[in-house]
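Take a look at the structure below.
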Amino acid sequence: MIKVCKFGGTSMADANAIRQVKSIIDSDSSRKFIVVSAPGKRFKNDIKITDTLYRCYDEVVECGSCAKSFAIIRERFVEIVKDLGIDLDIESILDQTENQINEIKSAGFSASRGEYLSAIVVSAFLGVEFVDAAEIIRFDSHGKLNVDYTDDKVSSRLANSERAVIPGFYGKNFQGDIMTFSRGGSDITGSIIAHGVKADLYENWTDVSGFLVCDPRLVENPKVINQITYKEVRELSYMGASVLHAEAIAPVMRKKIPINIKNTFKPEDKGTMIVPNDQYKPDANDSVITGIAGKKDFTVLLIEKSMMNSEVGFIRRVLSVVEHYDICVEHLPSGIDTLSVVVESSQLKEGVLTDLVNEIRENVKPDYVHVIENISLIATVGHGMARRTGTAATLFTALANANINIKMIDQGSSELNIIIGVNNSDYEKCINAIYNAFIK
Ligand code: ASP
């Protein structure tokens, strides 16, 4: 049995948290490969090490030296090493890191040092080999992961390792430059390692006892999801659920390795199991929906033209205008004579919206283009929907009873997800209404 364990920023935040990590690792000999984040927040207004490292890079650009911000990094790591009582010359490692940040002048390199230092400290504390992610994770020149090369490297490098600690979040490109994934990317590293070593389980240790049905800032005490499929997590993470990086599913999915989201500070809690469809074990207490997630601030361009359906190439022409402005389309619900293009409002700044609408008017000669702004999208996700009737009825009745006007509806043909668009001002109310309608 091989388990890959990824520990997030709160699990690395101070010596006490790292001691807790050690007791988790020591309690199970199958926990062989340990991926770590940089130290995160210790309290509400604390600053993550990664944010301070991005600040270091800005300082190097502005004034040639990161001395001011690096002092914060230094203080944090010196304190952790001292509190843990490890025999490690952290001061020289920090001196070298500070010089490299000043010399290399790269945001990616600077940001990656939080995970690098974290892994060095944890490997010394556990007495386990340190394997640098730069050796095994490879990006191409566009910053995209080279999957095959990385897989080979991970499996050959770790094949003879009894146990190893690996920094998350970064790798190297073929030119030798350090590059990072997007924020929260240590989850992706963990998944890549799990795939490469053919793990039986990928444990993702964080500071909550699993995936919650919805955001606890919006609904009081939402339930924990015991079991969820890969696809459902993809949908929820994409729509803003923040427990796991949306790109962390793909690597383990290829080998059907389950992920267990666990709480470092309550290791006895079962957490959430994320599994492929065929490993999902139905339970009598399962609700028809698994989770609810949403995002604010979208704009809908509602394009209307009679006989649109019989006009060959209409949608293509609209989309090529949108593409011309380099805008990503989120959803594209359509009717007989209408097509709605839903995009994130942040892409439409500085006159782009007006130009885009004018160009659509010129290109496809619609009867109308209505612009609807300040829209929130809310996804109600559940693989159970496909087998049962009445899900949409329950959802829409709940919204009608809460007096919420639905501006847009989109249900994918996989019947995994119903997405609705409502005014931003109805966002919280809408999520509460859906939660209360489905979760007993
Ligand atoms: N430390 C990085 C971040 O704060 C990556 C991670 O923690 O996964 O985004």
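Atoms within a ligand are numbered from 1 in the order they appear, just like the ligands themselves.
- With ligand atoms numbered from 1 in the order given, ligand 1 contributes 5 (C), 6 (C), 7 (O), 8 (O) to contacts under 4.0 Å with heavy atoms of Ser186.
- Ligand 1 has a nitrogen or oxygen under 3.5 angstrom from a nitrogen or oxygen of Thr50.
- A ring-centre distance under 6.0 Å is found for Phe130 and Tyr116.
- Every N/O-N/O distance between Phe169 and ligand 1 stays at or above 3.5 Å.
- Look at Gly9 and you'll find every heavy atom at least 4.0 Å from all atoms of ligand 1.
- Taking the charged nitrogens against the carboxylate oxygens, Lys153 and Glu135 have no contact shorter than 4.0 Å, which rules out a salt bridge.
- Where the criterion is an N or O separation shorter than 3.5 Å, residue side chain and backbone included, Lys6 fails it with respect to ligand 1.
- The shortest separation from a heavy atom of Gly114 to ligand 1 is not under 4.0 Å, leaving the residue out of contact.
- A cation-pi contact links Arg113 to Phe109, judged by a cut-off of 6.0 Å to the six-membered ring centre and 45° from its axis.
- Glu203 pairs in a salt bridge (charged side-chain N to carboxylate O under 4.0 Å, His left out) with only one of the listed residues (Lys262, Arg31, Lys6), which is Arg31.
- A salt bridge between Lys172 and Asp132 is absent, with no side-chain N of the basic residue lying under 4.0 Å from a carboxylate O of the acidic one.
- Taking every non-hydrogen atom of Ser37 and a distance limit under 4.0 Å, the qualifying atoms of ligand 1 come out as 6 (C), 7 (O), 8 (O).
- Between Phe139 and Phe181, the ring centre distance stays below 6.0 Å.
- Taking a cut-off of under 4.0 Å to the non-hydrogen atoms of Arg183, the atoms of ligand 1 that pass are 3 (C), 4 (O), 9 (O).
- Close approach of ligand 1 to Glu115 is summarised as follows: ligand atoms under 4.0 Å from at least one heavy atom of the residue are 1 (N), 2 (C), 5 (C), 6 (C), 7 (O).
- When every heavy atom of Arg157 is checked against every heavy atom of Glu129, the shortest pair comes out as NH2-OE2, 2.7 Å.
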